[in-house]
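A short write-up of the structure that comes next.
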Amino acid sequence: MAETLAAHDVDLLYCVPGESYLGLTNALNEVPSIKLIVCRHEGGAGFMAAADGRMRGRAGVCVVSRGPGLSNAMVSLHTAFHDATPMVMIVGQVERRDFGRLALQEQNYSRLLSDITKGVIEVNEPVMASEALARAFHLAESGTPGPVAVVVPEDLFDAEVDAPVDLPRAMPRSGPVPEDVDQLVAMLAQSQRPLVWVGGTLRGDGVAAELEKFSVEWGLPICPTHRRPHLFASDHPNYGGYMGIRVPPDLLNEMKKADLIIALGERVTDSVSQSYSFPTAPQPQIPFVHVWPDPNEVGRVFRADLGMSCEPQAVIRALLARKAPAVSAARRSWISGLHAIHLKLMEPVWEATSDGVNFAAVVAEIGKHLAPDAAVTSDAGNFSSFIHRYIPFRPGQIFLSSVVGAMGAGTPMAVAAALRRPGKQAIAFVGDGGALMTGNELATARQYGVNPILIISDNGRYGTISMHHHVRYPGRPFEDATRLTNPDFAAWAETFGAEGITITDEGEIAQAIGRAFIAAKDRPVVVHVKSSAIQMSAWRRYTPPAG
Ligand SMILES: Cc1ncc(C[n+]2csc(CCOP(=O)(O)OP(=O)(O)O)c2C)c(N)n1
């Protein structure tokens, strides 16, 4: 199995050790090309593997023990499944002779993981182990990418077999059929106001440059979707706005004047479709083209006018091979109108806050320090709205997060980014809630000598939930359901051997953030920001009732 992993180019293997797979860690002694990264919680290990899968476009790999280990890791499988991220999770199972006896930590993984994996492969014959892993990689990476679990009984790891290592299988890539390209060309020719949404399965060598060329030659506004802001340069004149959760009304109202939506490699979830209202599900109110590398996904929720089950990059290439019509004046003004709204929304202006730092000011300052190849990760929470509003992302940078909104992803994903991209910036944004869910992976960063920067927005509560409470039950008290008593996060950081920095006032931001980037040259950094709770998000403020 160790050799099969190496044959699949696995070089980092995330784990929390377990007695159920000792045979594998023992065998890894003989495969030095694989580095084992021992984490502090299986949720952290799983999020690191998911981040690795997204960065490489190949399955990230995680090994966990049965029962409690796998249960801890499930949050990452859920994330990878929804996010269409390739991932392989190896699970050490009870010995074969004990199957079904409810032996220590035994679980039925085919049942348990059926809704959060693409497949569960149970290996019961040693001779099948290599083949099972090769199949798992293939399943994880092909079609709609996703997580696959490989369940291996403890005794099987020690069995001697004479079986060849199963090699990686050729990845089938599908292109568009010519008739569909003709139809798309005709739809584009008729459209005055198209929108192109780009999402997570838009991938492949050179895709950023091709997308840029496509947008210019065909006169198209490009809108990165929820949590994919790095797919198109925010300052490019064809950038048509960020299609995230709750698009601000000024931008959304303009977007709704579109007469064609082309979703390229975007599933079009409720987050992106503004709760299935744009486009409306199941019947889109405007012509809708859906491109996704899997026929089971195209047409699953929306009745697309044109459904193309192929690689989104192949569609871009097919259109670049055709002659684009001249870009009309109407089209130009549509694109520049959208872009102007986008620029206006991104302007670095914010109101003063009296109960702590406006997190907008911190995020905008970090944006100034980001290298062209920086990795930025985000946990789930309202603080992330500032990232999408105030950081002008561009290709070359990478943004990692749980698109399905799992708290706890931000810190481990930054550790994984720092491990995968040595010497490059890795910045995690987390809330005070998420910070203590997986912040312990700072120890993993220390252990392996990588230096992510964690920016913790401490507003003293699970702020997102406060906001939802406030919106849904106006006038009703909600503080007790969401308030948090927090540690001194800078002091907490120091106990890991990280640099701890605290920001309590806007006047301190520039100096503190500058110091953070310098300190990260030789150790991890935690910046504890005492954030305003009144500034609930980048778009919404709250006025607490008197008294
Ligand atoms: C693992 C997990 N548990 C619970 C939730 C529900 N949830 C979404 S946002 C949020 C609060 C986040 O609080 P914090 O990290 O402090 O960030 P803030 O919203 O205050 O900016 C919660 C509890 C979730 N998304 N993921």
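The chain is numbered in sequence order, starting from 1. These numbers were taken from a predicted model, which means no experiment stands behind them. Atoms within a ligand are numbered from 1 in the order they appear, just like the ligands themselves.
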Inset, instruction - Inspect the surroundings of CZ in R540 and state if more than 12 heavy atoms from other residues, nucleotides or ligands are less than 6.0 Å away. - result: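 Not more than 12 within 6.0 Å, no.
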
Legend entry - Min side-chain heavy-atom separation M48-C62 under 4.5 Å: no

Inset, instruction - Give a yes or no on whether the backbone of Y109 and the side-chain of Q107 come within a donor-acceptor separation of less than 3.5 Å. - result: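 Checked: no pair found.
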
Legend entry - Candidate pair F399 and H388, rule ring pair (Phe, Tyr, Trp, His ring centres under 6.0 Å), full reasoning: CA-CA 10 Å; F399 184 83; H388 295 301; 5.0 Å; yes

Inset, instruction - Just grab all the side chain to side chain donor-acceptor pair (under 3.5 Å) pairs involving residues 509-527, residues at least two apart or on different chains. - result: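 Listed once each, the pairs are E499-R515, E499-R523.
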
Inset, instruction - Hey, can you tell me if W492 and F496 have their rings parallel, tilted or perpendicular (30° and 60° cut-offs)? - result: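 Perpendicular, since the angle between the ring planes exceeds 60°.
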
Legend entry - ligand 1: protein residues within heavy-atom distance under 4.0 Å: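 Answer by chain and number: A380, G381, N382, F383, G405, M407, G431, D432, G433, G434, N459, R461, Y462, G463, T464, I465.
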
